[in-house]
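Chain letters run A, B, ... following the sequence lines, proteins first, then strands; residues in each count from 1. Owing to the predicted nature of the structure, the values given are computational and were not obtained by experimental measurement.
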Amino acid sequence: MSKLQAPRGTRDLYPKDCAWRNFMLDAWRRVSIRNGFEEVDGPIFEHLDLYKIKSGDGIVSELFHFEDRGGRGLAIRPEFTPTLARMVAAKANALPRPIKWFCVPNLCRAERPQRGRLREFWQWNADLMGLEGATADAECIFTVVDLLQELGLEPSHVRMKISHRQTVRDILLKLGVPEEKLLGAFDLLDRRDKMEPEAFTEAASKLGMEPERVERFEQMCRFKYPCGELDQLREQTGISDLADLEQLDAQLQAFGIADWCEYDLGIVRGLAYYTGTVFEVHEASGALRAMAGGGRYDQLVELFGGPSIPAVGFGMGDVVLSEVLIDKGLMPEDVSPRPDVYLIAKSDAGAQAVTPLAAKLRLAGVHARYSYKATRNVGKLLKDAATARSRFALMLDDDATTGKAELKNMETGDQQMINIKDLQTLIAES
RNA sequence: GUGGCCAUAGCUCAGUUGGUUAGAGCACCUGGUUGUGAUCCAGGGGGUCGGGGGUUCGAGUCCCCUUGGCCACCCCA
């Protein structure tokens, strides 16, 4: 029996599930396109070595990989970024700049499934390449916020948490962390919430900070600074020059999304390749894992053999996003396509008209359904129409032979005798 | 990969100290009430109790293994 089950961490998408998945993909596409991104896609498997470039050999155990008949190592894509970098690197000189691409791939990772994490999932990626500076960073952040709003989320539901590699680096140096221990300090920042306070203090001391500075470090990385109020950050860190963050701050305000954003120096993103702005979207209470994450990674394309191209981008997975929408009561009941009209036979003569009419309507682009039941029980047939969420029901009795039938608006309950030939127009007008 | 909890119908569950052909509600399917999304009536499909092995005269129930789910760690591109 176990072999007949779907593999661990995968999902079977039944009609309602599939409709919901498409609803989300549609939102991702809609928002991407109106923010000026173009859709791209690549193969669902790549050479295994491609994934080692960015993440090292250790990544292999997290991949579903296999060999082809020639013994070449291949892997199902666990992320889209290497493919993107490869595609950009291959045509770097021919592509008009800036490059603004998005993709909504399904990805597979051989990890143990748990809340918010499955082995196959969909992930929205958008990247803006060939443009330096805070405008590009802010535009990516705006695109994410646009999507959140599109799905009905509000600033009270989720937080866009932003940090900056360079800024944090400056602060750490000022606190007395030597250059060679910076990576360890970033790691400590990342793990702060999982550690006991004593362990945190001890680890911080080992980084070379005086006790008084350890305390400041702790405060600094736990505190959240509202967007538009960088003075607080200046006071707390003792650093007056926050050039990078200042520009970003101004852009976020210009985009009108300051309400959604806050600076959180604890946002690290475990990646060596982020070079500037980093950000994550979290559910407001912080209960779930990140809904989205991204940042600037100016060396990425170069890493994959292309020219040096500045880049900023993000990814958002479907799993945590769905959890948050359910949690906030924003998951629509049913987003399946609705029939325009449901044909109901009230009499045998009416039944004769159903098939030809359905065929005619469908060829004209109308979503038309009818019952396969033999019953002439109008109540039951109307219930079927309602279950199918049809907008209209057309009830055909003996009058159908003279081209007339009763059209019922399923939402208002109104019904009227119409000429069947006018049906399409009446449906289109409502 | 490590550890904890869990597993009976599509869903929510019942099933006595181990004891006949494993049940209910809802959902689903068919038909009836000559009927307009309701109510009611009649009928129906569906479970090798996640899978395998063991103990026993007898296992949904006890033991072991395994698969899957949830949770925490590792990781998080």
Practice problem: Identify the nucleotide, in any strand shown, that forms a Watson-Crick or G-U wobble pair with C40(B), with both distances under 3.5 Å; if there is none, say none. | Solution: G32(B)
Quiz item: Expressed as a whole number of Å, how far does the P atom of C49(B) sit from that of G60(B)?
Solution: 7 Å
Exercise. List in chain and number order the residues that pass side chain to side chain donor-acceptor pair (under 3.5 Å) with Gln415(A), two or more places apart in sequence or in another chain; answer none if no residue qualifies.
Key: Glu406(A), Lys408(A)
Exercise. Could you measure between the two C1' atoms, the one in U66(B) and the one in U30(B), and give it in whole Å?
Key: 41 Å
Quiz item: Can you give one letter per nucleotide of nucleotides 34-41 of chain B, going 5' to 3': B for a protein heavy atom under 4.0 Å from the base, S for sugar-phosphate only, - for none?
Solution: -BBBS---
Quiz item: Per the atom types in the model, does the base of A77(B) pair as donor or acceptor with the side chain of Arg109(A) at under 3.5 Å?
Solution: yes
Quiz item: Is the number of heavy atoms from other residues, nucleotides or ligands within 6.0 Å of NZ (Lys206(A)) greater than 12?
Solution: no
Quiz item: For Ala368(A), does its backbone N or O pair with a side-chain atom of Arg362(A) as donor and acceptor, under 3.5 Å?
Solution: yes
Practice problem: Could you give the distance separating U56(B) and G4(B) at their C1' atoms, to the nearest angstrom? | Solution: 32 Å
Quiz item: Starting at CZ of Phe64(A) and ending at C1' of G1(B), how long is that distance when rounded to a whole Å?
Solution: 14 Å
Quiz item: C76(B) P sits how many Å from Ile267(A) CD1, rounded?
Solution: 15 Å
Listed pairs, N/O of protein and of nucleotides 69-74 of chain B, under 3.5 Å:
| from | atom 1 | to | atom 2 | distance (Å) |
| --- | --- | --- | --- | --- |
| G69(B) | OP1 | Gly9(A) | N | 2.5 |
| G69(B) | OP2 | Arg8(A) | NE | 3.2 |
| C71(B) | OP2 | Arg115(A) | N | 2.3 |
| C74(B) | N4 | Gln114(A) | NE2 | 3.2 |
| C74(B) | N4 | Arg117(A) | NH1 | 3.4 |

Quiz item: Taking atom P of G10(B) as reference, at what distance in whole Å does atom OH of Tyr14(A) sit?
Solution: 10 Å
Quiz item: Does C5(B) pair with anything, Watson-Crick or G-U wobble, both distances under 3.5 Å, and if so, with which nucleotide?
Solution: G69(B)
Self-check item: Heavy atoms from other residues, nucleotides or ligands near CD of Glu218(A) exceed 12 (cutoff 6.0 Å)
Solution: yes
Exercise. Anything under 30° is parallel, anything over 60° is perpendicular, the rest tilted; go ahead and classify Phe314(A) against Phe279(A).
Key: tilted
Quiz prompt | P atoms of C28(B) and G69(B), separation to the nearest Å | solution = 29 Å
Self-check item: Watson-Crick or G-U counterpart of C74(B), or none if no pair lies under 3.5 Å
Solution: none
Quiz item: Which atoms form the tightest heavy-atom contact between Arg338(A) and Ser390(A), and what is the distance?
Solution: NH2-O, 3.8 Å
Quiz item: Over how many whole Å does the gap from Arg11(A) atom CZ to G68(B) atom C1' extend?
Solution: 16 Å
Self-check item: Pair Phe142(A) and Phe255(A), ring centroids less than 6.0 Å apart
Solution: yes
Quiz item: For U30(B), does either OP1 or OP2 sit under 4.0 Å from a side-chain N or O belonging to Lys373(A)?
Solution: yes
Exercise. Identify whether any heavy atom of Ala290(A) sits under 4.0 Å from a base atom; if not, whether one sits that close to sugar-phosphate; answer base, sugar-phosphate or nothing.
Key: nothing
Quiz item: Pick from Glu280(A), Glu262(A), Glu283(A): which one makes a salt bridge (Lys or Arg N to Asp or Glu O under 4.0 Å) with Lys161(A)?
Solution: Glu262(A)
Quiz item: How would you list all residue pairs meeting side chain to side chain donor-acceptor pair (under 3.5 Å) that involve residues 12-24 of chain A, not counting sequence neighbours?
Solution: Trp20(A)-Ser322(A)
Quiz item: What distance separates Leu303(A) CG from Tyr273(A) OH, expressed to the nearest 0.5 Å?
Solution: 9.5 Å
N/O-N/O pairs, protein side and nucleotides 6-9 of chain B side, under 3.5 Å:
none

Quiz item: How far does the P atom of A14(B) sit from the matching atom of U36(B), given to the nearest Å?
Solution: 41 Å
Practice problem: With Arg192(A) as the cation and Phe217(A) as the aromatic partner, state whether NZ or CZ is under 6.0 Å from the six-membered ring centre and within 45° of the axis. | Solution: no
Quiz item: What is the base-pairing partner of G25(B), counting Watson-Crick and G-U wobble geometry with both distances under 3.5 Å?
Solution: C11(B)
Quiz item: Between atom CG in Asp384(A) and atom C1' in U30(B), what is the gap in whole Å?
Solution: 12 Å
Quiz prompt | Nearest-Å distance for atom pair CG/P, residues Leu381(A) and U30(B) | solution = 10 Å
Practice problem: Sticking with atom P, work out how far U17(B) lies from U55(B), rounded to a whole angstrom. | Solution: 25 Å
Exercise. Give a yes/no verdict on a cation-pi contact between Arg222(A) and Phe200(A), requiring under 6.0 Å between NZ or CZ and the six-membered ring centre and an angle within 45° of the axis.
Key: yes
Quiz item: Glu120(A) CD to G68(B) C1': how many Å, rounded?
Solution: 17 Å
Quiz item: Taking atom P in both C13(B) and U20(B), what distance in whole Å separates the two?
Solution: 25 Å
Practice problem: Using the C1' atom as the reference point in each nucleotide, state the distance between G3(B) and G47(B) in Å, no decimals. | Solution: 33 Å
Quiz prompt | Distance in angstrom units between Tyr372(A) OH and C29(B) P, rounded | solution = 13 Å
Quiz item: Heavy atoms under 4.0 Å, any strand shown: does Ile344(A) hit a base, just sugar-phosphate, or nothing?
Solution: nothing
Practice problem: Only counting residues at least two apart or in another chain, list the ones meeting ring-ring contact (aromatic ring centres under 6.0 Å, His included) with Tyr370(A). | Solution: Tyr372(A)
